[in-house]
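Worksheet: one structure, shown below.
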Amino acid sequence: MTATPPQVEQLLERAHTLGSDPRNTNYAGGNASAKGTVTDPVTAQDVELMWVKGSGGDLGTLTEAGLAVLRLDRMRALVDVYPGVEREDEMVAAFDYCLHGKGGAAPSIDTAMHGLVEAAHVDHLHPDSGIAIATAADGEELTRRIFGDRVLWVPWRRPGFQLGLDIAAIKKDNPQAIGVVLGGHGITAWGDTSEECQANSLEIIRTAEAYIAEHGRSDPFGAVVYETLPEAERHERAAALFPLLRGLASTDRPQVGHYTDSPEVLDFVSRAEHPRLAALGTSCPDHFLRTKVAPLVLDLPPDAPLDRVTARLRELHAAYREEYAAYYARNATPDSPPMRGADPAIVLVPGVGMFSFGANKQTARVAGEFYVNAINVMRGAEALSTYAPIPESEKFRIEYWELEEAKLRRMPRPKPLATRVALVTGGGSGIGAATARRLAAEGACVVVADRDLAGAEKVAAEIGAGASRQEDVAIAVAVDVTDEDQIARAVREAVLAFGGIDLVVNNAGLSISKPLLETTAADWDLQHDVMARGSFLVSRETARVMIDQNLGGDIVYISSKNAVFAGPNNVAYGATKADQAHQVRLLAAELGEHGIRVNGINPDGVVRGSGIFAGGWGAQRAAVYGVEEEKLGEFYAQRTLLKREVLPEHVAAAVFALTGGDLTHTTGLHIPVDAGVAAAFLR
């Protein structure tokens with residue numbers, strides 16, 4: 001195994017230090033590099049290499065595998081074949097001919113900036129304070145005033161080979177300089193050592209921060225014109241609006257949502273200048289690639305009646321789509337990629353906060369984080385000067401850059417349940433846990449709901465173990481399905497976490513096995529309260545969300561073979577399962593006009609991993625059938641046609657079969673998952 005070169009170790013340490021602080025750069029934004037000499041394994045001669053963060057990586061979590069590795073002699077030789085700024089996109093493909101060995105990660109568009117600058121270590125970052133200077137109307141003068149000749153100004157130029165040449169020339173002609181401010185974009189710094197480079201980057205960032213704090217106006221966004229709602233009211237209003245907003249934002253393609261009510265956002269949307277500034281859009285390429293050219297901004301006060309707000313949001317959304325289409329038409333050329341969609345990625349609601357949308361939860365969250373960066377940039381620019389982002393035509397050139405389009409084409413195909421939000425009751429164990437895991441594996445965001453919160457949290461943690469943040473994939477909520485208030489609260493938590501609900505699995509249940517004469521009214525009530533009443537309440541509350549979203553949806557009942565099979569000592573359980581089975585038919589008939597499909601699954605004998613069987617039902621049923629409890633699963637298997645034991649994963653597979661996209665025209669159906677029980681065949 002080849003040892004990691006010391007330059008790479010230093011580079012990774014620097015990247016992690018800089019990337020871990022959001023004041024220095026945004027998520028997946030910016031890049032860092034190091035140059036050094038190693039022995040070429042083919043020639044046994046020294047070869048000068050550059051290691052630079054590859055396309056799409058994140059500085060804070062960068063690994064050696066995320067670095068592109070290039071030969072500097074070949075990289076610098078590209079200067080002699082550079083065809084000029086009008087054809088500079090061709091140079092990205094040329095980087096592939098400069099790779100050393102397997103080359104590591106794909107080189108990014110900023111590779112030239114690092115390779116052409118004559119410095120052993122280079123950082124290119126997107127700090128809020130630096131971009132504030134870069135987007136100020138008099139940014140060049142501010143740069144001179146703040147830094148003297150220690151940091152110089154580079155006028156806006158789209159990232160690429162020519163920008164690398166521009167920075168390299170400034171570095172060569174100004175040996176005293178430690179870096180540059182890139183107009184409309186960010187900063188670049190360099191150093192002879194990794195420590196010096198990091199120190200220079202931080203000097204630029206902290207100096208800009210200090211200057212803004214000392215010389216900037218205290219109220220750059222103007223007077224407060226909208227009061228912020230108290231937290232409880234704010235979250236209630238956010239939960240009421242989110243499904244509608246998610247549905248609107250999904251007009252062209254389904255989206256997942258993220259809600260932010262951070263102090264920066266709430267202050268921004270409360271101020272008089274926020275509509276003007278929001279309309280100007282973001283500036284840094286990393287920002288508007290994720291936030292779109294501008295957000296949708298509600299122009300009503302926080303205490304406006306909800307029906308008026310929803311009507312106005314529909315009007316604003318229609319206007320936004322028209323304006324976005326016009327923006328595309330104004331700037332598109334015959335070779336521009338097709339318009340990707342005209343829905344907003346960011347929605348600002350005074351007094352409530354910000355709603356952001358993306359193809360998955362992480363993308364939606366990061367879009368919101370980028371807009372917070374943009375707010376900080378606007379604050380700094382307006383504090384010192386006037387916020388003046390790059391022109392619309394330049395924004396379009398980057399948003400619809402063929403290089404960005406190619407990056408989108410390289411993305412893996414979405415999983416079947418991508419963008420769908422699933423809520424699974426009884427998700428902390430057994431069938432519910434297996435279903436939650438399967439839906440997440442197929443791409444869904446999952447809300448694991450259970451009366452046993454610790455069990456639900458354990459399942460959610462298992463599901464989210466491989467994600468950068470667990471809450472981007474799964475959350476746990478506590479809910480007793482016999483309690484209307486707890487159900488409403490759980491649904492509200494789900495909506496605030498992901499923007500809505502698309503797929504509900506009514507799985508929560510318990511089982512009481514007694515003869516008729518020993519079954520008490522309390523037994524009967526408990527059995528029906530949990531399963532018949534509980535699934536009704538969950539379906540009712542979640543159907544409201546689905547109807548508001550107008551995206552269709554799925555409700556799946558985990559019923560039972562006992563819904564149609566009359567077994568001994570089972571009157572309370574069998575009756576409530578029959579109730580659930582008929583709810584499937586009733587709701588399928590009622591909700592079909594909204595595109596909501598309602599189906600059921602009839603399992604039998606799911607012993608292994610079952611919370612119901614472990615809670616006493618197994619012992620009771622074993623006694624009824626005269627077998628040892630630990631052999632109950634085997635007993636159930638032997639009475640089936642297939643002689644196979646039914647596991648929780650088999651039921652989860654049936655849930656996915658109903659909801660994964662192949663049965664889009666099926667509703668009101670019950671699927672047996674019982675290994676074949678002839679007496680329970682559906683007629």
Side-chain angles (χ1 to χ4, degrees), residues 422-440 444 446-452 455-456 459 479 481-482 487 501 503-512 527-539 542 553-565 570 572-588 597-615 617 636 646-660 663 666-675 677 680 682:
L423 184 146
V424 182
T425 67
S429 64
I431 291 172
T435 300
R437 294 187 190 101
R438 179 62 187 270
L439 297 180
V446 179
V447 180
V448 185
D450 204 293
R451 189 175 65 169
D452 174 13
V459 173
V479 60
V481 296
T482 67
I487 292 171
I501 297 172
L503 195 166
V504 176
V505 182
N506 275 313
N507 170 72
L510 57 86
S511 299
I512 300 171
Q527 193 75 79
H528 282 72
D529 283 350
V530 172
M531 293 195 295
R533 183 175 183 271
S535 55
F536 148 68
L537 292 173
V538 170
S539 295
T542 54
D554 282 284
I555 300 176
V556 180
Y557 280 66
I558 307 300
S559 185
S560 170
K561 168 215 68 176
N562 291 288
V564 294
F565 172 78
N570 202 20
Y573 181 80
T576 196
K577 282 301 181 182
D579 186 316
Q580 285 187 310
H582 199 47
Q583 284 187 38
V584 168
R585 293 183 280 269
L586 292 166
L587 298 187
R597 304 179 315 117
V598 187
N599 293 289
I601 296 170
N602 291 349
D604 183 49
V606 185
V607 178
R608 202 181 310 175
S610 169
I612 287 178
F613 277 90
W617 172 260
Y636 282 139
V646 180
L647 302 178
E649 289 73 20
H650 299 139
V651 183
V655 174
F656 173 64
L658 283 168
T659 60
L663 297 177
T666 299
T667 191
L669 173 70
H670 280 274
I671 297 179
V673 184
D674 57 11
V677 178
L682 299 177

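All values derive from a computational prediction rather than experimental measurement.
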Looking at every heavy atom in both [X] and [Y], which two are closest together, and how far apart are they?
| X | Y | result |
| --- | --- | --- |
| Ala563 | Lys577 | CB-O, 3.5 Å |
| Ile431 | Pro603 | CD1-CG, 4.4 Å |
| Val530 | Gly509 | CG1-CA, 3.8 Å |
| Tyr573 | Ser511 | CE1-OG, 2.9 Å |
| Leu423 | Ala449 | CD2-CB, 4.4 Å |
| Ala508 | Thr425 | N-OG1, 2.9 Å |

Would you say [X] and [Y] make side-chain contact, with heavy atoms under 4.5 Å?
| X | Y | result |
| --- | --- | --- |
| Leu682 | Val564 | yes |
| Val673 | Val646 | yes |
| Val447 | Ile501 | no |
| Ile558 | Val655 | yes |
| Ser539 | Asn506 | yes |
| Leu587 | Tyr557 | yes |

For the atom pair [atom1] ([X]) and [atom2] ([Y]), what is the distance rounded to the nearest 0.5 Å?
| X | Y | atom1 | atom2 | answer |
| --- | --- | --- | --- | --- |
| Thr435 | Phe656 | OG1 | CZ | 12.5 Å |
| Asn599 | Ser559 | CG | OG | 12.5 Å |
| Leu503 | Ile555 | CG | CD1 | 9.5 Å |
| Thr542 | Asp554 | OG1 | CG | 11.0 Å |
| Asn570 | Phe565 | CG | CZ | 9.0 Å |
| Asn562 | Gln580 | CG | CD | 11.5 Å |

### side chain to side chain donor-acceptor pair (under 3.5 Å): pairs with one or both residues in residues 666-675, sequence neighbours excluded
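Those involving residues 666-675 are Asn602-His670.
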
Where the side chain of [X] meets the backbone of [Y], is there a donor-acceptor pair that is under 3.5 Å apart?
| X | Y | answer |
| --- | --- | --- |
| Arg597 | Leu663 | yes |
| Arg437 | Ala652 | no |
| Glu649 | Ala434 | no |
| Ser535 | Met531 | yes |

### Query
Checking side-chain contact (heavy atoms from CB on, under 4.5 Å) for the pair Leu669/Leu658: CA distance, chi angles, key distance, verdict?
CA-CA 9 Å; Leu669 173 70; Leu658 283 168; 4.3 Å; yes

### Message
Using the rule given for side-chain contact (heavy atoms from CB on, under 4.5 Å), can you reason through Leu439 versus Val505, listing the C-alpha separation, both sets of side-chain angles and the distance that settles it, and then say yes or no?
### Response
CA-CA 10 Å; Leu439 297 180; Val505 182; 4.2 Å; yes

### Task
Sequence neighbours left out, what passes ring pair (Phe, Tyr, Trp, His ring centres under 6.0 Å) with His650? Give chain and number order.
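So His650 forms no ring pair (Phe, Tyr, Trp, His ring centres under 6.0 Å) with any residue.
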
### Given Asn507, Val424, Thr659, Val598, the one that forms side chain to side chain contact (heavy atoms under 4.5 Å, CB included) with Val556
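So, applying the side chain to side chain contact (heavy atoms under 4.5 Å, CB included) to Val556 and each of Asn507, Val424, Thr659, Val598, only Thr659 qualifies.
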
